[in-house]
**Student:** 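Structure provided below as structure tokens; questions to follow.
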Amino acid sequence: PAHGVRPFSARPVIVFLTVCTRHRQPWLATPENHERIVSVWRRATAWRVGAYVLMPDHLHLFTAPGDADVDFERWVKFWKSQFSKRHGNPQHRWQTDHWDRRLRTNESYNEKAAYMWANPVRHGLVARPEDWPYRGELFPLEW
């Protein structure tokens, strides 16, 4: 996929990001990994993580520029690397690339959020989105 999130001064920057595990191996959605990745995101504040969902083999999140001028691609590589170091299992790797989409309107945000929250239900993991334990919101992102 083509990358290159560029902030515009007059409009908010919110990005919908999808990152997959290597070969879509289902190792991500565990209580320990949930705690690890949230801890990494809280420290990697060049981009702030808003709402997110961890699935067994991928994750979705919303993010916006934070407290440092760091390129979006560098930020993604950084937190993936930090998580992997803390996780410590060399068999559990991230896919090299990721998918990102800069949102243009509040409507697209709402559409992506509905898709993200319903993902565990579509995959047959829970009956209701709110029953999935590997989800949350770290920083409120203002549209």
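Every heavy atom of this structure was used, including side-chain atoms; hydrogens, water molecules and symmetry mates were not.
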**Student:** Could you measure the distance from the OH atom of Y134 to the OG1 atom of T30? Nearest 0.5 Å is fine.
**Tutor:** 6.0 Å
**Student:** Between the side chain of N33 and the main-chain N/O of W27, is any donor-acceptor distance below 3.5 Å?
**Tutor:** yes
**Student:** For S39 and R86: C-alpha separation, side-chain torsions, deciding distance, then whether side chain to side chain donor-acceptor pair (under 3.5 Å) applies.
**Tutor:** CA-CA 10 Å; S39 176; R86 290 180 186 198; 2.8 Å; yes
**Student:** Do you know which two heavy atoms are closest between A51 and E137, and how far apart they sit?
**Tutor:** N-CG, 3.8 Å
**Student:** I need the Q25 CD to Q95 CD distance, nearest 0.5 Å.
**Tutor:** 11.0 Å
**Student:** Given side chains that start at C-beta, do those of I37 and W79 come closer than 4.5 Å, heavy atoms only?
**Tutor:** yes
**Student:** For the residue pair L125 and P56, what are the closest heavy atoms and their distance?
**Tutor:** CD1-CD, 3.8 Å
**Student:** For A127, what residues pass the side-chain contact (heavy atoms from CB on, under 4.5 Å) criterion, not counting sequence neighbours?
**Tutor:** none
**Student:** With a 4.5 Å limit on heavy-atom distance, are the side chains of W47 and V76 in contact?
**Tutor:** no
**Student:** OG1 of T105 to CD of E111: how many Å apart, nearest 0.5 Å?
**Tutor:** 7.0 Å
**Student:** Let me confirm one number: the CG-OG1 distance from L59 to T21, rounded to the nearest 0.5 Å.
**Tutor:** 9.5 Å
**Student:** Where the side chain of T45 meets the backbone of R48, is there a donor-acceptor pair that is under 3.5 Å apart?
**Tutor:** no
**Student:** Do you know the tightest heavy-atom contact between W117 and P129?
**Tutor:** O-CB, 3.2 Å
**Student:** Hey, what do you get for CH2 (W75) to CG (L17), rounding to the nearest 0.5 Å?
**Tutor:** 6.5 Å
**Student:** Main chain of H23, side chain of R93: is a donor-acceptor contact present, judged purely on distance under 3.5 Å?
**Tutor:** no
**Student:** Counting heavy atoms not belonging to R74, are there more than 12 under 6.0 Å from its CZ?
**Tutor:** no
**Student:** Which atom names give the shortest non-hydrogen contact between A46 and D67, and what distance separates them?
**Tutor:** N-OD1, 3.8 Å
**Student:** Determine the interplanar angle of the F62 and F16 rings, folded into 0 to 90°, and report it as parallel if under 30°, tilted if 30 to 60°, perpendicular if over 60°.
**Tutor:** tilted
**Student:** So, does W94 use its side chain to make a donor-acceptor pair with the main chain of K77 at under 3.5 Å?
**Tutor:** no
**Student:** Would you say Q82 and R43 make side-chain contact, with heavy atoms under 4.5 Å?
**Tutor:** no
**Student:** Is the count of non-hydrogen atoms from other residues, nucleotides or ligands lying under 6.0 Å from D69 atom CG greater than 12?
**Tutor:** no
**Student:** How close do H60 and T18 get, counting heavy atoms only, and between which atoms?
**Tutor:** ND1-OG1, 2.8 Å
**Student:** Could you tell me which non-hydrogen atom of P120 sits nearest to which non-hydrogen atom of V53, and how far apart they are?
**Tutor:** CG-CG1, 4.1 Å
**Student:** Taking the side chain as C-beta and beyond, is there a heavy-atom pair between L138 and Y52 under 4.5 Å?
**Tutor:** yes
**Student:** Does the side chain of V126 reach to within under 4.5 Å of the side chain of V121, using non-hydrogen atoms?
**Tutor:** yes
**Student:** Does a side-chain heavy-atom distance below 4.5 Å link V13 with F72?
**Tutor:** no
**Student:** Any chance you could lay out the side chain to side chain contact (heavy atoms under 4.5 Å, CB included) test for H87 and E32, step after step, and finish with the verdict?
**Tutor:** CA-CA 9 Å; H87 181 57; E32 298 81 16; over 6 Å; no
**Student:** State, with a plain yes or no, whether a side-chain heavy atom of F78 is found less than 4.5 Å away from one of V70.
**Tutor:** no
**Student:** Are V40 and K80 close enough, and set up right, to give a side chain to side chain contact (heavy atoms under 4.5 Å, CB included), and what steps lead you there?
**Tutor:** CA-CA 9 Å; V40 167; K80 285 166 61 174; over 6 Å; no
**Student:** If you round to the nearest 0.5 Å, how far is CG of L103 from CD1 of I14?
**Tutor:** 6.5 Å
**Student:** side-chain contact (heavy atoms from CB on, under 4.5 Å) with N106: which residues, sequence neighbours excluded?
**Tutor:** Y109, N110, W143
**Student:** Do the ring planes of H58 and H123 sit parallel (below 30°), tilted (30 to 60°) or perpendicular (above 60°)?
**Tutor:** tilted
**Student:** So does E107 have more than 12 non-hydrogen atoms from other groups sitting under 6.0 Å from CD?
**Tutor:** no
